[in-house]
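Fair warning: this is a prediction, and the values are worked out from it, not measured in the lab. The figures here come from the full heavy-atom set of this structure, side chains too, leaving out hydrogens, waters and symmetry mates.
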Amino acid sequence: MSLLIYEVSAADVPLELLLLADPSEDKVRSYLFTSKCFVASRGGYVVGACVVRPLGEGAHELMSIAVQPAHQKTGCGTALLQWVIAFFHKSGASRIEVGTGTFGYQLAFYQRHGFRVTGIDRDFFVNHYPEPIFEDGIQLFDMLRLKLEYPGSAA
Ligand SMILES: CC(C)(COP(=O)(O)OP(=O)(O)OC[C@H]1O[C@@H](n2cnc3c(N)ncnc32)[C@H](O)[C@@H]1OP(=O)(O)O)[C@@H](O)C(=O)NCCC(=O)NCCS
């Protein structure tokens with residue numbers, strides 16, 4: 001079944017999907033309504049979502065990307081990320097930034113699409129979340145900052 005990707009209003013993004021990428025509902029709500037939102041749907045059912053916040057001067061930050069667990073590892077996330085990267089390129093953006101954990105498949109996922117590591121936000125996950133976050137049994141402490149620069153931009 002083919003995948004349809006399109007922009008939607010913040011109110012039309014399933015929150016439970018975004019909570020897969022960011023466990024803090026307060027945090028998600030703090031950026032959702034000032035961001036651009038995109039969904040991927042299959043057979044009329046939303047299976048993926050991506051939220052991108054403007055940072056100013058042509059820069060944007062990918063705040064969240066998530067795919068329903070039953071649809072993960074079927075190419076939805078890749079298709080959605082590629083679509084969003086192309087969308088902002090066409091709109092004249094200079095770069096997209098993203099923050100993620102220091103380990104795990106998500107790091108490879110972004111780098112496969114051209115994101116490069118630019119820095120480390122030490123203790124980010126400890127300082128910004130009330131509860132410890134674990135992935136694969138390992139506690140997340142630091143956030144890696146990555147950036148995708150569009151060719152020709154001076155960002
Ligand atoms: C990250 C995410 C959006 C990727 O979406 P997806 O539809 O699974 O992605 P794809 O099917 O296009 O797969 C992309 C790659 O990630 C890998 N991958 C996806 N889920 C994985 C998992 N749970 N464990 C290990 N690898 C995984 C795939 O195997 C694939 O790698 P490959 O190209 O070497 O085969 C999705 O896994 C997700 O929603 N994860 C939970 C939320 C999250 O962590 N979001 C990112 C926050 S930083």
Side-chain angles (χ1 to χ4, degrees), residues 1-8 13-25 27-28 30-32 35-42 45-55 58-91 93-129 131-153 155:
M1 209 175 288
S2 65
L3 195 68
L4 273 180
I5 300 173
Y6 47 93
E7 188 174 354
V8 294
V13 184
L15 193 63
E16 76 276 7
L17 202 44
L18 302 180
L19 293 176
L20 293 173
D22 186 337
S24 165
E25 185 170 334
K27 245 173 132 275
V28 172
S30 74
Y31 58 73
L32 188 56
S35 297
K36 278 191 173 295
C37 304
F38 308 89
V39 295
S41 80
R42 229 176 219 166
Y45 174 68
V46 171
V47 296
C50 182
V51 177
V52 181
R53 180 174 71 116
L55 297 175
H60 301 266
E61 180 169 3
L62 195 158
M63 303 302 292
S64 177
I65 183 164
V67 169
Q68 296 283 7
H71 292 262
Q72 288 178 12
K73 295 192 185 178
T74 64
C76 291
T78 295
L80 182 56
L81 183 59
Q82 282 175 344
W83 194 97
V84 166
I85 289 171
F87 176 94
F88 284 97
H89 194 189
K90 271 185 251 155
S91 76
S94 59
R95 66 176 191 271
I96 300 184
E97 300 182 14
V98 70
T100 190
T102 48
F103 57 89
Y105 69 92
Q106 293 93 339
L107 192 51
F109 175 66
Y110 293 122
Q111 294 191 66
R112 198 173 286 124
H113 291 89
F115 285 82
R116 301 273 303 271
V117 175
T118 54
I120 181 161
D121 198 335
R122 200 166 166 81
D123 286 324
F124 178 91
F125 294 106
V126 179
N127 294 335
H128 291 85
Y129 290 87
E131 304 289 337
I133 304 173
F134 286 87
E135 273 200 33
D136 295 330
I138 307 169
Q139 185 174 355
L140 274 176
F141 288 100
D142 311 312
M143 174 185 269
L144 277 188
R145 299 293 311 172
L146 294 94
K147 197 189 283 185
L148 170 78
E149 285 182 12
Y150 289 110
S153 79

Is the backbone of Ala21 close enough, under 3.5 Å, to the side chain of Ser64 for a donor and an acceptor to pair up by distance? no
With sequence neighbours excluded, residues passing side chain to side chain donor-acceptor pair (under 3.5 Å) with Glu25: Arg29
Looking at side-chain heavy atoms only, is the closest gap between Tyr150 and Ile96 below 4.5 Å? yes
Check against side chain to side chain contact (heavy atoms under 4.5 Å, CB included), Glu135 and Gln106: CA-CA 11 Å; Glu135 273 200 33; Gln106 293 93 339; 3.5 Å; yes
Counting only heavy atoms not in Asp136, do more than 12 fall under 6.0 Å of its CG? no
Taking C-beta and beyond as the side chain, do Val39 and Tyr6 meet within less than 4.5 Å on heavy atoms? yes
Distance col, row Lys147:NZ vs Thr118:OG1, nearest 0.5 angstrom, shows 5.5 Å
Is the shortest heavy-atom distance from the side chain of Val51 to the side chain of Val28 under 4.5 Å? no
With sequence neighbours left out, what residues match Glu16 under salt bridge (Lys or Arg N to Asp or Glu O under 4.0 Å)? none
So, taking the atom named CD1 in Ile65 and the one named CG in Leu17, what distance separates them when rounded to the nearest 0.5 Å? 10.0 Å
Does any non-hydrogen side-chain atom of Leu62 lie less than 4.5 Å from one of His60? no
Minimal non-hydrogen separation, Phe124 against Met143, with atom names: CE2-CE, 3.4 Å
Shortest non-hydrogen contact between Ser24 and Leu19, atoms and distance: C-CD2, 4.1 Å
Which pairs would a plain distance check flag for residues 107-115, meaning a side-chain donor or acceptor within less than 3.5 Å of a matching protein atom at least two apart in sequence or in another chain?
{"residue": "His113", "atom": "ND1", "partner": "Phe109", "partner atom": "O", "Å": "2.8"}

Of all residues at least two apart in sequence or in a different chain, which pass the side chain to side chain contact (heavy atoms under 4.5 Å, CB included) check with Asp142? Thr102, Ile120, Arg122, Asp123
Rounded to the nearest 0.5 Å, the CE atom of Met63 sits from the CG atom of Asp22 at a distance of 7.5 Å
Could you list the residues that satisfy side chain to side chain contact (heavy atoms under 4.5 Å, CB included) with Ile133, not counting sequence neighbours? Pro23, Phe125, Tyr129, Leu140
For Leu20 versus Pro69, what's the shortest heavy-atom pair and its separation? CD1-CD, 3.8 Å
Listed pairs under 3.5 Å, donor-acceptor, residues 71-89 side chains, sequence neighbours left out:
{"residue": "His71", "atom": "ND1", "partner": "Arg42", "partner atom": "NH1", "Å": "3.4"}
{"residue": "Gln72", "atom": "NE2", "partner": "Val67", "partner atom": "O", "Å": "2.9"}
{"residue": "Thr74", "atom": "OG1", "partner": "Arg42", "partner atom": "NH1", "Å": "3.3"}
{"residue": "Thr74", "atom": "OG1", "partner": "His71", "partner atom": "O", "Å": "2.5"}

Can you list the residues that meet the side chain to side chain donor-acceptor pair (under 3.5 Å) rule with Arg145, with sequence neighbours excluded? Glu61, Glu97
Shortest non-hydrogen pair, Arg53 vs Tyr31, comes out as CD-CB, 3.9 Å
